[in-house]
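Throughout, a chain's letter reflects where its sequence line sits, starting with A, and its residues are numbered from 1. Computed from a predicted structure; not experimentally measured. Note: hydrogens, waters and symmetry copies are ignored here, and every other heavy atom, side chains too, is used.
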Number of protein chains: 2
Amino acid sequence: MGHHRDDVLAHAVELLDTHGLGALTMRRLGTELGVQPSAIYHHFANKQTLLAAVADEILASRPAATASSWPDRVRETCAGLRTAMLDCTDGADVVATVWAFGLGAHGPADELVAVLVEAGADDELAAVASRTLLHYVFGHAFEEQTARQAIAAGAVDRTLDSLPDFDLGLELVIDGLRSRLSA
Amino acid sequence: MGHHRDDVLAHAVELLDTHGLGALTMRRLGTELGVQPSAIYHHFANKQTLLAAVADEILASRPAATASSWPDRVRETCAGLRTAMLDCTDGADVVATVWAFGLGAHGPADELVAVLVEAGADDELAAVASRTLLHYVFGHAFEEQTARQAIAAGAVDRTLDSLPDFDLGLELVIDGLRSRLSA
DNA sequence: ACCTGAACACCGTTCAAGT
DNA sequence: ACCTGAACACCGTTCAAGT
């Protein structure tokens with residue numbers, strides 16, 4: 001048929017978004033593209049590499065932070081990251097896993113480090129704080145998205161109104177950061 | 001052979017610890033117990049239920065927090081949780097996933113909420129802060145454990161000395177919490 | 001450059017039936 | 001109460017070979 005890497009990647013993202021991570025299979029991807037499973041390996045070395053590219057695609061849709069104060073820029077970056085992940089089925093799972101493996105884009109991490117250094121943090125604080133913020137955003141988004149699906153599937157009974165208080169937890173970390181930056 | 005639920009669970013934990021999450025399979029578990037795969041379903045409804053029980057087992061080894069001040073109790077609880085997860089291969093992955101699904105023990109969460117309420121937090125702050133702390137601990141442990149394995153497997157080249165600065169990030173959150181509690 | 005066909009070594013889960 | 005045997009509907013990955 002003559003597909004390119006980008007065709008395969010775009011289809012993988014669509015498959016993830018419409019049917020979830022469980023449906024994003026090398027075999028199913030091949031079938032939907034009208035091609036043998038093994039043909040996918042011509043474009044991606046393995047599934048992990050494909051998932052890393054999918055994660056990058058999810059993160060590419062983030063808007064750039066525009067605010068002037070560092071707390072607002074941190075809020076913008078974290079909110080943008082969260083929204084990008086929640087906008088795609090199982091997006092938080094894919095992005096967090098790829099990040100933990102050390103693959104995929106460092107965009108959000110680099111952005112946070114830059115903002116914090118500009119705000120007066122030394123290199124160590126900037127590095128630790130950016131990772132702390134990312135762990136918070138990943139953890140919160142992953143739990144929210146997973147719980148929502150578990151409830152929708154009837155797999156578990158649980159309320160969710162207690163969950164999406166994303167901003168409050170973020171302010172907690174920002175407050176801790178503020179007390180370090182003003183010192 | 002006549003196994004009980006606890007035999008199966010103990011073997012599952014051992015399989016996880018010695019060979020990782022990829023090896024913790026219903027089929028392999030059956031084989032190692034000298035039993036058909038389908039026999040496992042007599043003890044656990046499905047793999048998710050088994051994983052929830054495994055997560056509870058990992059968390060059961062945590063020591064109780066004994067310190068008197070709330071920041072020290074928070075540090076103890078978080079460090080105990082982290083250690084329990086890191087002590088078992090893929091422990092952070094299993095515990096964080098089970099937690100996100102709303103299954104398994106709420107031990108660490110309940111402990112943190114209790115400590116924070118005792119320290120003067122209202123119910124909402126205690127709930128948000130405990131989840132923020134958990135997201136941080138899960139995220140940090142998952143990344144540390146995953147990165148360590150990815151490096152050991154040669155799947156990725158990355159330094160790790162920049163990672164295990166667990167305490168610094170935790171102090172950040174505790175500082176934010178302190179500024180709320182003293183207000 | 002892109003793909004086929006076939007194979008290898010696996011999965012989770014169900015279900016009738018056995019003791 | 002605990003298990004067998006067999007099946008169903010799948011996986012990721014490799015590799016020689018084709019165009």
Is the phosphate of [N], meaning OP1 or OP2, less than 4.0 Å from a side-chain N or O of [X]?
| X | N | value |
| --- | --- | --- |
| B/His43 | D/dC3 | yes |
| A/His4 | C/dC2 | yes |
| B/Gln36 | D/dC3 | no |

Distance in Å, A/Ile174 CD1 paired with A/Trp70 CH2, rounded so as to fall on 0.5 Å steps: 6.5 Å
Where at least one partner belongs to residues 37-54 of chain B, residue pairs that pass salt bridge (charged side-chain N to carboxylate O under 4.0 Å, His left out), sequence neighbours excluded: none
Residue pairs involving residues 102-113 of chain A (criterion salt bridge (charged side-chain N to carboxylate O under 4.0 Å, His left out); sequence neighbours excluded): A/Arg62-A/Glu111
Span that lies between the P atom of D/dA9 and that of C/dC10, in whole angstrom: 23 Å
C/dC2 versus D/dA17 - spacing of their C1' atoms, nearest Å: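 These two C1' atoms come out 13 Å apart once rounded.
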Residues two or more places apart in sequence or in another chain: which of them pass side-chain contact (heavy atoms from CB on, under 4.5 Å) with [X]?
| X | answer |
| --- | --- |
| A/Ala67 | A/Asp72, A/Arg73, A/Glu76 |
| A/Ile151 | A/Val156, A/Arg158, A/Leu160 |
| B/Ser38 | B/Gln36 |

Pair assignment for DNA chain C - dot-bracket with | for other-strand partners, Watson-Crick or G-U under 3.5 Å: ||.|||||...|||||.||
Those residues of residues 5-20 of chain A lying under 4.0 Å from DNA chain C by at least one heavy atom: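 Correct list: empty, so none.
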Which pairs of donor and acceptor atoms, one on a side chain in residues 120-129 of chain A, lie under 3.5 Å apart (sequence neighbours left out)?
{"residue": "A/Asp122", "atom": "OD1", "partner": "A/Glu124", "partner atom": "N", "Å": "3.1"}
{"residue": "A/Asp122", "atom": "OD1", "partner": "A/Leu125", "partner atom": "N", "Å": "2.8"}

Contact pattern, 5' to 3', of nucleotides 7-19 of chain D - B, S or - by protein heavy atom under 4.0 Å: B---BBBBB----
Results of salt bridge (Lys or Arg N to Asp or Glu O under 4.0 Å) for A/Glu57 - residues two or more places apart only: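 Per chain and number, A/Glu57 pairs via salt bridge (Lys or Arg N to Asp or Glu O under 4.0 Å) with no residue.
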Give the table of side-chain donor-acceptor pairs shorter than 3.5 Å for residues 25-32 of chain A, with sequence neighbours excluded, one pair per line with atom names and distance.
{"residue": "A/Thr25", "atom": "OG1", "partner": "A/Ala23", "partner atom": "O", "Å": "3.0"}
{"residue": "A/Thr31", "atom": "OG1", "partner": "A/Arg27", "partner atom": "O", "Å": "3.0"}
{"residue": "A/Glu32", "atom": "OE1", "partner": "A/His11", "partner atom": "NE2", "Å": "3.4"}

For B/Val117, the rest of its hydrophobic cluster, which grows through side-chain links under 4.5 angstrom: B/Val113
Length of the line joining A/Ile40:CD1 and C/dT4:C1', which is rounded to integer Å: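 Nearest whole value for this atom pair: 13 Å.
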